[in-house]
Protein chains: 2
Amino acid sequence: MNERKKKVMEAAHSLFIEKGYAATSIQDILEKSAISKGTFYNYFPSKNELLISIFEKIHSETDQLRQEVIAGRPVQDKEVFIEQVKVKMEVNKRNNLFALFQGVFASEDEELKKFVKQHHLNELRWMQRRLIEVYGMRIRAFSLDLAVVMFGIIQNMLHFVIAIEENVKVEDVISYAMRRVDAAVDEITVSKDVLLDTRLLEKWQPNELQEQERKKSKLLQEIGAMQTKADKRTDQLLVFLQDEVREEAPRRLIMETVAKEIPQNKELVRLMNDFFDTDA
Amino acid sequence: MNERKKKVMEAAHSLFIEKGYAATSIQDILEKSAISKGTFYNYFPSKNELLISIFEKIHSETDQLRQEVIAGRPVQDKEVFIEQVKVKMEVNKRNNLFALFQGVFASEDEELKKFVKQHHLNELRWMQRRLIEVYGMRIRAFSLDLAVVMFGIIQNMLHFVIAIEENVKVEDVISYAMRRVDAAVDEITVSKDVLLDTRLLEKWQPNELQEQERKKSKLLQEIGAMQTKADKRTDQLLVFLQDEVREEAPRRLIMETVAKEIPQNKELVRLMNDFFDTDA
DNA sequence: TTTATAATATACCGGTTGTCCAAAAAAATC
DNA sequence: GATTTTTTTGGACAACCGGTATATTATAAA
């Protein structure tokens, strides 16, 4: 990614942490990163999209860390699980993500809200899966309940600790929650107490598809924008791309070949690569 | 309270529920309640203060309901406790308070944030106290932990249920949480597992003092505002009131007598009554 | 060197909350 | 009923906000 763009994101990020999302004006970001307004809107279509970019970066970095934590260690190891949770929570704390998420919900921006919500559900799904790995299939029927319980305890505990400005270690909180879940597992396997259907989350698009949808819509948006100022020939090419990207299995080679013939195609090509690369 | 003012609050309230806090402009409120901008700012110094007023009203009404639920029934009755929790949660849900609170945090208004935070702590304190009443003194050492756990489970569960748009009854969620806490109580009294010091909350100003501080500051603000357009004689009276209200134990009768001699004292008198009335 | 692309500065738009004020209306007081 | 006080009105205004549009300049690719 563009060095300059990265710099803007970092400046914005630190401002968001420092002053909060809503309280940070675009003017502030411009001044801190020493760019002009025009440049800013070249990089990001809106303040919200900038925030999403920052979120995405944090998440992917966090997931990376989580991977590293578990690498070469047994999935049922409770310590590994705790460490993985800790990674996330500490990132959240360090980046004031709690506050930022809340800011999002007030923004009334549907896309942004959806993004945060989806992230929350992903996180829950992750925890549900990991809990099954840790405690075994016997807790499968209660896995979603347990995930929500564990999440709730940790989140509320941290929230409380932050509110009263007391110093309690994140790992102590997580361990505490883990011990409560330990006990709950024993108890629930006896009482067979179930609240939520384990498959509730399955109905919700998993992350990758959601991501892919985002990318597709971005690409289509760009094509649409280009059409407004395209000549006849270019327009035909663009229409083809539009149709192709909407196909079940868009053919990358063809699309790239066609795109080559379109003038001012840089952003288009960038978004197309983004669309076809399953990994970010 | 002024009928008209009440009407404005109701209009704003319904708009906030409908469209959210940030998305509701003052203009919207003016139109819905059919008043002018000038009048609005006569009633409320800002949009934030209006929101606080609404919160206060909801809270006091909810507390009232809670009182009624327990009236004449034993404090250790679990069903009573569950019903009381349910009252609050249903009010929250009905009034979209989750979303409104989040809107608050985005507003970056310090007073508003403090208010919501204080409310959260009050709620925790209430639950801590009630848990002791329900389970007895033996859980005293773990009461704060348990309160946070219970709160966290309920809140997260409800949040999740709303997110996935599934219909799960509020009371089912609360009962579920209650059963988890039941088990946790048994387990913890054996393991003696403690995370948070029970007295952590004591340090935080209880609601009444906080309230009183708010009223005092409002009163002082009004006095300050009046001073700017007061003649010499009036100014002397105002200065006296200012000093008196800052005393340990302000003398109501004296202040009221002095206030009578001040022209255009309506709002002043109103705020003074508010200040001296311990009950709203 | 030419040409395409990126970055700049700035004016502008419609929106926001909140201030201010003169004038009209309503209420309270004499 | 007349006078005074209080409340309400409605709109101009200021200072912001996010975002658009554009003409100009700088930079890099051909």
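Each chain gets a letter, A, B and so on, in the order its sequence line appears, and its residues count up from 1.
- Taking CD of A:Glu123 as the reference point, atom NE2 of A:His59 lies at 8.0 Å (rounded to 0.5 Å).
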Practice task
Tell me, with the steps shown, if A:Glu244 and A:Ile254 meet side chain to side chain contact (heavy atoms under 4.5 Å, CB included).
Solution key: CA-CA 9 Å; A:Glu244 183 69 18; A:Ile254 314 244; 5.5 Å; no
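- Rounded to 10°, the helix from C:dT2-D:dA29 to C:dC30-D:dG1 has 0° between the axis fitted to its first five pairs and the one fitted to its last five.
- At the heavy-atom level, B:Thr39 lies under 4.0 Å from base atoms of the strands shown.
- Within the structure, a side-chain polar atom (N or O) of A:Tyr43 is placed less than 4.0 Å from OP1 or OP2 of C:dA7.
- Atoms CD (B:Glu49) and P (C:dT17) sit 16 Å apart, rounded to a whole Å.
- Dashed line: the shortest gap from a side-chain N or O of A:Ser36 to OP1 or OP2 of C:dA7 is not under 4.0 Å.
- One can place NZ of A:Lys7 at 12 Å from P of C:dA7, the figure rounded to the nearest angstrom.
- The two residues B:Ser36 and B:Leu30 make their nearest non-hydrogen contact at O-CD2, 3.8 Å.
- A 4.5 Å side-chain heavy-atom check between B:Asn156 and A:His120 finds at least one atom pair inside the cut-off.
- One interatomic measurement links the two molecules: CZ of B:Phe40 to C1' of C:dT19, which rounds to 14 Å at whole-angstrom precision.
- Between the CG atom of B:Leu50 and the P atom of C:dT17 there is a distance of 11 Å, given to the nearest Å.
- Side-chain atoms of A:Gln118 and A:Lys114, non-hydrogen and from C-beta on, never get closer than 4.5 Å to each other.
- Taking the nucleotide of DNA chain D with the nearest heavy atom to each of A:Gly38 and A:Ile26, the more 5' of the two is matched to A:Ile26.
- Chain A approaches DNA chain D over the interval D:dC17 to D:dT20, counting the first and last nucleotide 5' to 3' with an atom under 4.0 Å from its heavy atoms.
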Considering only nitrogen or oxygen atoms on both sides, find all protein atoms under 3.5 Å from nucleotides 23-30 of chain C and state each distance.
none

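- Note: A:Thr24 OG1 to A:Ile17 CD1 = 10.5 Å, rounded to the nearest 0.5 Å.
- Following rounding to the nearest Å, B:Tyr41 (OH) and C:dG18 (P) show an atom-to-atom distance of 4 Å.
- Classified by interplanar angle (parallel below 30°, tilted 30° to 60°, perpendicular above 60°), the ring pair A:Phe55/A:Phe101 is tilted.
- In this structure, B:Lys37 reaches the bases: a heavy-atom distance under 4.0 Å links it to at least one base atom across the strands shown.
- Both tests hold for B:Lys5 against B:Phe44: distance to the six-membered ring centre under 6.0 Å, angle to the ring axis within 45°.
- Applying the side chain to side chain contact (heavy atoms under 4.5 Å, CB included) criterion to A:Glu56, with sequence neighbours excluded, gives A:Ile52, A:Phe115, A:Glu211, A:Arg214.
- Atoms CD1 (A:Ile35) and P (C:dT8) sit 7 Å apart, rounded to a whole Å.
- Per the geometry, CG belonging to B:Asn48 stands 7 Å off P belonging to C:dG18, to the nearest Å.
- Take B:Ile164 and apply the side chain to side chain contact (heavy atoms under 4.5 Å, CB included) test, not counting sequence neighbours, and it matches A:Leu121, A:Leu200, A:Trp204, B:Phe160, B:Glu166.
- Rounding to whole angstrom units, CD of residue B:Gln27 and P of C:dG18 are separated by 13 Å.
- There is a side-chain donor-acceptor pair under 3.5 Å between B:Ser25 and B:Asp28.
- Annotation: side chain to side chain contact (heavy atoms under 4.5 Å, CB included) contacts of A:Glu31 (sequence neighbours excluded): A:Gln27.
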